[in-house]
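Encoded as structure tokens, the structure appears first; notes follow it.
Computed from a prediction, not measured in an experiment: that's the story for all the values here. All values below were derived from every heavy atom in this structure, side-chain atoms included, with hydrogens, water molecules and symmetry-related copies excluded. So that the names make sense, note that chain A is the first sequence line, chain B the second, and so on, each numbered from 1.
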Amino acid sequence: MSTIAIHPIHRAVRFYEAPIGKKAVMAITGVMLVGYVFAHLLGNLQIYSSDAEQINRYAGFLHNPANAAALWAARSVLLLAVALHIIAATQLWLQNRAARPIGYVKKADLPASYAARTMIWSGPIVGAFVIFHVLHLTAGKVLELRELGPNMPDVRYNVITGFSNPWISGFYILAMILLCLHLYHGMWSMFQSLGISHPRYTPLVKKAAAVLAIAVAVGNCSIPIAVLTGLLTY
Amino acid sequence: MKIILHIWRQRNADDKGRMARYEVPNVNEHMSFLEMLDVLNEDLIAKDEEPVAFDHDCREGICGMCGSMVNGVAHGPKPGTTLCQLHMRFFKDGDELYLEPWRARAFPIVKDLVVDRSAFDRVMAAGGFISVATGSAPDGNAILVPKEDADRAMDAAACIGCGACVAMCPNASASLFLAAKISHLGLLPQGQPERHERAVAMVAQANQELFGACTNIGECEAVCPKEIKLEVIARMNHDFLLAKLAGRGAAEEG
């Protein structure tokens, strides 16, 4: 018998103990969350459909009780990914802070890599925004949500009235800019964390990460801007 | 030319330490940075003051002994250069330079600019030995190594273990050092038998030494005097993850 028996839980704990294990968890959960961000963007952009009812039909499909099991399964997986991402990030952050108890009198930042340095701030702010966003447009705790019928939210009306408030739009746009930075670093960094790097392809991966991160921010920010400038009206 | 220095002075590990200001009025542009510190120390000794303690050995840029932060950059402003190979012609008359020791919990300060880097030795020791056939000398080229692998292994082996990567990293992570050592043997056929055990064992030891984790910023790569690339860190991650996920016992346990 060449294989030494190790209890699976013991093996997982040993894996997670190492910073590389935690980074792998962050990369995998990051992939899942990035996938969700793109799916959400495609959902949002339906507001520009020439058929004004398109986005409401899409919302009706998601809220259809027949799809409830799939919806909650997806939500559970995403919540688990968010939880693991945050826990691993917090543990690594604490370890990194403890690794240099006394800082420098003078310290230069080489290279600039602003996105990489601010992950620990862009993450929690985007996280706070997501909570606000869910309270606003899913739970209806910020503004009263209009419904066309049971399980049929009037998304078009709710989005346009919400974004007519410059504070709500402003927070949304700020969060999307930070999300853009977070996604840029996250999307190329996940390859590095999972052990994939090549002098020919890594520069392309970084460029693709920048293009995709900017596409998410521009696509999402266009909606509150269109509402505030009167291009999108109910 | 005249150089104004602000140097971290700390009598011993227990001393609190402080920055002290010195002027070196007669710096020659052909002096190396360490020779400039020698001149300062001669001056301090003549005045019956305690000279500044700093690490140095070969002064040829190959031993990895010297190094301190110069204006917040490990080994000073010139890329790909150790402090001993940095010459004063790269500075201007009247420049003010802040000299600080490497700062990391894993590198306790011994005195002034001298830090204890034994943590690196323990990480290396954890990597263990490679298995080789002993006895009479093997035939030359008995083991064939692709040129590309030999070059990459040599690039990684250029690491002199100076600790600049740890000092510069915002997280005080030793990832670049660790990855260079893991890649150097991992790229060669002679390093294959223990390749995965070595990666797991060295990563575990670095974690025990309380170094930080890598956040892929790249400050280490920017200051490494041997210009070791961030790519080796991905290689270490790859070896570690493969050992942990596909290992069958010994390798994954490290």
Side-chain angles (χ1 to χ4, degrees), chain A residues 1-6 10-12 14-24 26-27 88-89 91-120 185-186 188-199 202 206, chain B residues 6 8 17 19 69-74 77 79 98 100 103-106 109 166-175 199-200 203-204 206-207 210-219 221-223 229-242 244-245 248-250 252-254:
Chain A
M1 188 64 186
S2 62
T3 303
I4 300 169
I6 302 170
H10 186 199
R11 178 182 290 132
R14 294 287 297 267
F15 174 79
Y16 189 77
E17 257 173 10
I20 298 173
K22 292 192 186 73
K23 290 290 285 189
M26 293 199 65
Q91 288 177 323
L92 288 168
W93 182 61
L94 291 173
Q95 174 176 356
N96 294 345
R97 277 169 55 103
R100 179 168 295 136
I102 301 169
Y104 292 106
V105 175
K106 210 168 177 164
K107 174 71 167 65
D109 290 342
L110 295 173
S113 54
Y114 185 75
R117 285 167 210 285
T118 50
M119 290 302 269
I120 198 66
H185 181 72
W188 82 260
S189 178
M190 59 176 65
F191 287 89
Q192 176 82 6
S193 296
L194 293 177
I196 303 165
S197 177
H198 190 284
T202 299
K206 283 191 188 182
Chain B
H6 299 265
W8 183 259
M19 295 298 282
M69 301 295 279
V70 180
N71 282 350
V73 180
Y98 284 74
E100 294 175 75
R103 292 269 187 208
R105 185 164 166 194
I109 293 177
V166 175
M168 198 63 188
C169 177
N171 310 326
S173 168
S175 289
V200 170
V203 167
N207 205 27
L210 304 173
F211 288 110
C214 180
T215 46
N216 307 331
I217 292 175
E219 295 217 37
E221 185 185 44
V223 298
K229 299 284 172 252
L230 223 47
E231 188 190 347
V232 294
I233 297 180
R235 207 188 144 77
M236 162 177 75
N237 294 344
H238 170 269
D239 279 5
F240 176 88
L241 292 173
L242 203 65
K244 284 287 182 181
L245 297 175
R248 297 186 180 219
E252 62 179 328
E253 281 297 286

How long is the span from the [atom1] atom in [X] to the [atom2] atom in [Y], to the nearest 0.5 Å?
X	Y	atom1	atom2	answer
B:Ile217	A:His185	CD1	NE2	6.5 Å
B:Asn216	A:Met119	CG	CE	9.0 Å
B:Arg235	A:His198	CZ	NE2	12.0 Å

Using every non-hydrogen atom in the two residues, find where [X] and [Y] come nearest and quote the distance to one decimal.
X	Y	result
A:Arg117	B:Pro170	NH1-CG, 3.9 Å
B:Ala213	A:Asn96	N-OD1, 2.6 Å
B:Thr215	A:Lys23	CA-NZ, 3.8 Å
A:Arg100	B:Val166	NH2-O, 2.8 Å

So, does [X] use its side chain to make a donor-acceptor pair with the main chain of [Y] at under 3.5 Å?
X	Y	value
B:Tyr98	A:Tyr104	no
A:Lys106	B:Val70	no
B:Glu231	A:Thr202	no

What part of [X] gets within 4.5 angstrom of chain A, counting heavy atoms only: side chain, backbone, both, or neither?
X	value
B:Leu242	neither
B:Ala204	neither
B:Glu219	both
B:Ala167	both

Worksheet item: Is the count of non-hydrogen atoms from other residues, nucleotides or ligands lying under 6.0 Å from A:Phe15 atom CZ greater than 12?
Response: yes
Worksheet item: With a 4.5 Å heavy-atom cut-off, do B:Leu230 and A:Gln192 have their side chains touching?
Response: yes
Worksheet entry | Side chain, backbone, both or neither of A:Trp93 within contact of chain B (heavy atoms, under 4.5 Å) | neither
Fill in: Portion of A:Leu194 that has a non-hydrogen atom of chain B nearer than 4.5 angstrom
both
Discussion item. Between the side chains of B:Lys244 and A:Glu17, is the shortest nitrogen-to-carboxylate-oxygen separation below 4.0 Å, so that they form an ion pair?
Written reply: no
Response to the item:
Heaviest contributor of heavy-atom pairs below 4.5 Å to chain A, chosen from B:Arg105, B:His238, B:Met69, B:Arg103, is B:Arg103
Item to complete: Go through B:Val223, B:Leu241, B:Leu210 and name the one with the most non-hydrogen pairs under 4.5 angstrom from chain A.
Response: B:Leu241
When [options] are compared by non-hydrogen pairs under 4.5 Å with chain B, the top option:
options	result
A:Ala98, A:Ala99, A:Pro111	A:Ala99
A:Pro101, A:Pro19, A:Ala108	A:Ala108
A:Gly103, A:Ala24, A:Gly21	A:Gly103

